[in-house]
Amino acid sequence: MARHAQEFTQRRTDKAQRAPVRAAVLLAVVVLVVLVGWLHSAGHWPFTPDAGPAPAVSTPSPALGQPIVVLTPATALAVLETLQVKGKAPRNDYQRSAFGEAWLDADANGCDTRNDVLRRDLQAVQFIAGSPCLVASGTLKEPYTGTTVQFQRGKDTSEAVQIDHVVALSNAWQTGAAALTPLQRQSLANDPLNLLAVDGEANQDKSDADAASWLPPSKKIRCHYVARQISVKAAYQLWVTPAEKGAMENVLGRCPTQAALASGYLN
C-alpha cells in the first residue's frame, strides 16, 4: 500500500514538473505563429535577400552587334526586378529565320558566331589547317552537366558539342522578341552573352524551356545560368512569366550577390 502511494505521489510530482515545460512550449509556438503572421502581413515574410541598387540604363545607337540597352553593374536580382512580368505571347508564328541567318559574323571579327563561341569555351583548341576561325577540336569543361566532352569537327562528331541559346529563340519570341526589329533579333541570336558551348544531349533536353521548366543538372552552374538569362532579357527588353520569375528568384536566393552580365558585344 505504501509503495502504491509513493508511486502515485511521484506521478503527481512528475506531472506538476512537466506542466510548466508544456506551457512554455505552447507559449513559444503561439508567439512564433503570431510573429510569422505579422511578418507576412507586413511584407517581410518569406525573407527576401537585399538585391542592391537598381542598374542605370543607357541606349546605344542601333546596329548589328549591339544590345538594345546597356545596364550598369548590378546584381542579377536587381536586374530581374527591372523586367516586365506577364504571360507568354503565342508561338504559332515563330520561325528561326526571324532571327536571321544562323551564325552570322555579327561582331565583324571575320569569324562566324559558332566558331567564336567554340574558341571561347573550349580548351586546347586546334584549328583547321589554314583557317584562323574554324575550330577542328578541343576539350569542353561542360557547364550544364559538369562533365568533360571532347569536340572533334566532323559529320558524325560535331553534334557532341552544341551552341545553346541560353534564352531560347522561341522563348525570346514569346516574351517580346516578336516586336523587335530584324536587326535587333539578329543581334540577340548572335550575342555571346546568350550563347554557351554545351553537351549536345543536354541542349536537346532543354529545348526551348525557360527557368521554370528546366535548369542545368549541375547545380554549380545554376546561379550563373539564371543570371545570364536575366541579363539577356534585360539587354533585349524581353519579359519573364510569373512562374519563370519565381524560379529565378528561388535559384538566386542561394546566391543573392550573383552579378548580372554585360552583353558579349561590349567585352
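Worth saying up front: this structure is predicted, and the values here are computed from it rather than measured.
- Side-chain atoms of Tyr144 and Asp164 include a donor-acceptor pair closer than 3.5 Å.
- Rounded to the nearest 0.5 Å, atoms CG (Asp121) and CG (Asp116) are 10.5 Å apart.
- Looking at Ser213, its side chain never comes within 3.5 Å of a backbone N or O of Asp210 through a donor-acceptor pair.
- Panel note: side chain Tyr265, backbone Ser187; a donor-acceptor pair is recorded below 3.5 Å.
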>> With side chain to side chain contact (heavy atoms under 4.5 Å, CB included) as the criterion, how do His224 and Val251 come out once you've worked through the C-alpha distance, each side chain's angles and the decisive distance to 0.1 Å?
In response: CA-CA 10 Å; His224 177 84; Val251 170; over 6 Å; no
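- Using a distance-only test at 3.5 Å, with no hydrogens or angles considered, a donor-acceptor pair links the side chain of Thr157 to the main chain of Gly154.
- With 3.5 Å as the limit, one finds no donor-acceptor pair spanning the side chains of Asn194 and Asp191.
- In this structure, CG on Leu122 lies 8.5 Å from OG on Ser137, to the nearest 0.5 angstrom.
- Between Asn190 and Asp112, every side-chain heavy-atom pair lies at or beyond the 4.5 Å cut-off.
- The side-chain heavy atoms of Asn267 and Pro192, taken from C-beta on, include no pair separated by under 4.5 Å.
- Side-chain atoms of Cys111 and Arg119, non-hydrogen and from C-beta on, do get closer than 4.5 Å to each other.
- Between the side chain of Arg185 and the backbone N or O of Leu180, at least one donor-acceptor pair lies under 3.5 Å.
- The backbone N or O of Tyr225 sits nowhere less than 3.5 Å from a side-chain atom of Gln229 that would complete a donor-acceptor pair.
- Using a 4.0 Å cut-off between charged side-chain N and carboxylate O, Lys86 and Glu244 make no salt bridge.
- Thr113 is not listed as a side-chain neighbour of Ile163, based on a closest heavy-atom distance of 4.5 Å or more.
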>> Run the side chain to side chain contact (heavy atoms under 4.5 Å, CB included) test on Val198 and Glu142 for me, step by step, so that the C-alpha distance in whole Å, both residues' side-chain angles and the decisive distance to 0.1 Å come before the verdict.
In response: CA-CA 6 Å; Val198 301; Glu142 207 286 322; 3.2 Å; yes
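- In this structure a side-chain-to-backbone donor-acceptor pair under 3.5 Å is missing from Ser231 to Ala260.
- In terms of heavy-atom proximity, Ala177 sits nearest to Leu188 at CB-CD2, 4.3 Å.
- There is a side-chain donor-acceptor pair under 3.5 Å between Asn115 and Arg153.
- With hydrogens and angles ignored, the 3.5 Å screen pairs no side-chain donor or acceptor of Lys233 with any backbone N or O of Gln84.
- Remark: side-chain polar atoms of Thr72 are paired, donor with acceptor, to backbone N or O of Ala56 under 3.5 angstrom.
- Thr148 OG1 to Asp199 CG: the interatomic distance, rounded to the nearest 0.5 Å, is 11.0 Å.
- Looking at Ser207, its side chain never comes within 3.5 Å of a backbone N or O of Ala209 through a donor-acceptor pair.
- A donor and an acceptor atom, one from each side chain of Trp173 and Asp93, are located under 3.5 Å apart.
- No donor-acceptor distance shorter than 3.5 angstrom exists from the side chain of Arg228 to the backbone of Leu261, with no hydrogens or angles considered.
- By the 4.5 Å heavy-atom criterion applied to side chains, Gln66 and Leu266 are counted as neighbours.
- Side-chain heavy atoms closer than 4.5 Å link hydrophobic residues (I, L, V, M, F, W, Y) into clusters, and following such links, even through other members, never connects Tyr236 to Leu195.
- Here the closest non-hydrogen pair linking Trp214 and Pro217 is CZ2-CD, 3.9 Å.
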